[in-house]
Amino acid sequence: MQSDIDPRSLIGRKAFDLDGAKIGTVDEVYLDDATGRPEWAAVRTGMFGRDAFVPLEPSEVVEDTLRVPYRRSLIKDAPDFGVGRHLSPEQELQLYHHYGLDASAPGSDAGDEDGDGDFGRIAGEDG
């Protein structure tokens, strides 16, 4: 994702999948604790739906929308951890695996040898 984007500016943007189908609206953005970079977005998938976590690294901001390079069905099947809480290392690993991403990619603490990296801080929270 573009690194110059303020993560708070993503909140409220509409999110669309690989095929251009609307997924929902960005509720929250989670930052990597080590780098402070936006790593995950929680997208509200419907009026009575839940928030689905989507990775921001392969996603793009296009005009006023978030374009997520995955199909809606995969996004809706993502593990449900609720929002407003810190993601644990185990939860973040589950998300990486769900999306077929390399958990040891640059900017990810998931590949820490000791496994005690701190993950998923919500944008706007203090350390």
Side-chain angles (χ1 to χ4, degrees):
M1 190 182 96
Q2 299 140 317
S3 59
D4 60 339
I5 292 282
D6 178 358
R8 293 169 293 198
S9 74
L10 292 174
I11 296 171
R13 289 183 190 236
K14 302 295 182 208
F16 294 86
D17 78 352
L18 176 69
D19 300 320
K22 183 179 172 190
I23 303 163
T25 304
V26 177
D27 258 355
E28 294 189 23
V29 175
Y30 288 73
L31 307 178
D32 180 278
D33 286 339
T35 66
R37 293 185 62 193
E39 189 149 1
W40 301 99
V43 176
R44 173 67 58 182
T45 59
M47 183 176 277
F48 298 106
R50 65 176 182 90
D51 282 272
F53 285 92
V54 297
L56 289 173
E57 181 53 42
S59 300
E60 293 182 306
V61 174
V62 179
E63 297 175 8
D64 283 339
T65 65
L66 179 66
R67 301 292 175 154
V68 182
Y70 299 97
R71 286 196 162 60
R72 186 177 183 186
S73 58
L74 180 67
I75 294 165
K76 286 192 172 205
D77 287 341
D80 185 2
F81 302 123
V83 293
R85 297 179 296 156
H86 196 269
L87 288 174
S88 73
E90 294 79 17
Q91 290 170 326
E92 193 165 14
L93 281 173
Q94 286 179 33
L95 289 169
Y96 273 106
H97 291 295
H98 177 76
Y99 287 105
L101 297 171
D102 180 5
S104 61
S108 165
D109 288 337
D112 284 357
E113 288 180 22
D114 58 7
D116 66 357
D118 211 5
F119 301 91
R121 178 169 55 93
I122 299 171
E125 281 187 344
D126 291 330

K.L.:
Sequence neighbours left out, what passes side-chain hydrogen bond (donor to acceptor under 3.5 Å, both in side chains) with R67? Give chain and number order.
P.N.:
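Partners of R67 under the side-chain hydrogen bond (donor to acceptor under 3.5 Å, both in side chains) test: T65.
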K.L.:
Tell me, do I75 and V68 make a side-chain contact under 4.5 Å, heavy atoms counted?
P.N.:
yes
K.L.:
Heavy atoms, side chains only, cut-off 4.5 Å: are D33 and H86 in contact?
P.N.:
yes
K.L.:
Can you give me the closest heavy-atom contact between R13 and V61, atom names plus distance?
P.N.:
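Closest heavy-atom pair between R13 and V61: NH1-CG1, 3.0 Å.
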K.L.:
Who passes ring pair (Phe, Tyr, Trp, His ring centres under 6.0 Å) against Y99, sequence neighbours left out?
P.N.:
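Y99 satisfies ring pair (Phe, Tyr, Trp, His ring centres under 6.0 Å) with Y70 only.
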K.L.:
Any idea which heavy atoms bring P58 and P69 closest together, and the distance?
P.N.:
O-CG, 3.4 Å
K.L.:
Pairs in or reaching into residues 8-27: which pass ring-ring contact (aromatic ring centres under 6.0 Å, His included), with residues at least two apart or in two chains?
P.N.:
none
K.L.:
I'd like to check the side chain to side chain contact (heavy atoms under 4.5 Å, CB included) partners of H98; sequence neighbours left out, ordered by chain and number.
P.N.:
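Side chain to side chain contact (heavy atoms under 4.5 Å, CB included) list for H98, sorted by chain: L74, D77, A78, P79.
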K.L.:
May I ask you to test the W40-P55 pair for a side-chain heavy-atom distance under 4.5 Å?
P.N.:
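When only atoms from C-beta onward are counted, P55 and W40 do touch, with a gap below 4.5 Å.
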K.L.:
Mind listing the closest non-hydrogen atom pair of G36 and L31 along with its distance?
P.N.:
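Scanning both residues, the minimum pair turns out to be O-CD2, 3.8 Å.
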K.L.:
Answer whether the closest heavy-atom distance between the side chains of E57 and L101 falls below 4.5 Å.
P.N.:
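Side-chain contact under 4.5 Å: no.
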K.L.:
How long is the gap from OG1 on T45 to NZ on K76, to the nearest 0.5 Å?
P.N.:
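These two atoms lie 5.0 Å from each other.
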K.L.:
For D19, enumerate each residue passing the side chain to side chain contact (heavy atoms under 4.5 Å, CB included) test, keeping only those at least two apart in sequence or located in another chain.
P.N.:
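Partners of D19 under the side chain to side chain contact (heavy atoms under 4.5 Å, CB included) test: D17, R71.
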K.L.:
Hey, does the side chain of D51 reach the backbone of R44 with a donor-acceptor pair shorter than 3.5 angstrom?
P.N.:
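Yes; at least one donor-acceptor contact below 3.5 Å.
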K.L.:
Rounded to the nearest 0.5 Å, how far apart are CG of L10 and CG of D64?
P.N.:
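L10 CG to D64 CG: 11.0 Å, rounded to 0.5 Å.
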K.L.:
Any idea which heavy atoms bring F81 and Q94 closest together, and the distance?
P.N.:
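Scanning both residues completely, I find the closest heavy atoms to be CZ-OE1, 3.3 Å.
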K.L.:
Given 3.5 Å as the limit, does a donor-acceptor pair link the side chain of D80 with the main chain of G82, or not?
P.N.:
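Yes; judged by distance alone, with no hydrogens or angles, the pair exists.
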K.L.:
At what distance, to the nearest 0.5 angstrom, does NE2 of H97 lie from CG of D102?
P.N.:
9.5 Å
K.L.:
Return the minimal non-hydrogen interatomic distance between G84 and Y30, and the atom names on each side.
P.N.:
N-OH, 3.0 Å
K.L.:
So, using side-chain hydrogen bond (donor to acceptor under 3.5 Å, both in side chains) as the criterion, who are the partners of K22 when residues are at least two apart?
P.N.:
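Partners of K22 under the side-chain hydrogen bond (donor to acceptor under 3.5 Å, both in side chains) test: none.
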K.L.:
Among V29, I23, L56, which residue satisfies the side-chain contact (heavy atoms from CB on, under 4.5 Å) criterion with L66?
P.N.:
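By the side-chain contact (heavy atoms from CB on, under 4.5 Å) criterion, L66 pairs with just one of V29, I23, L56: L56.
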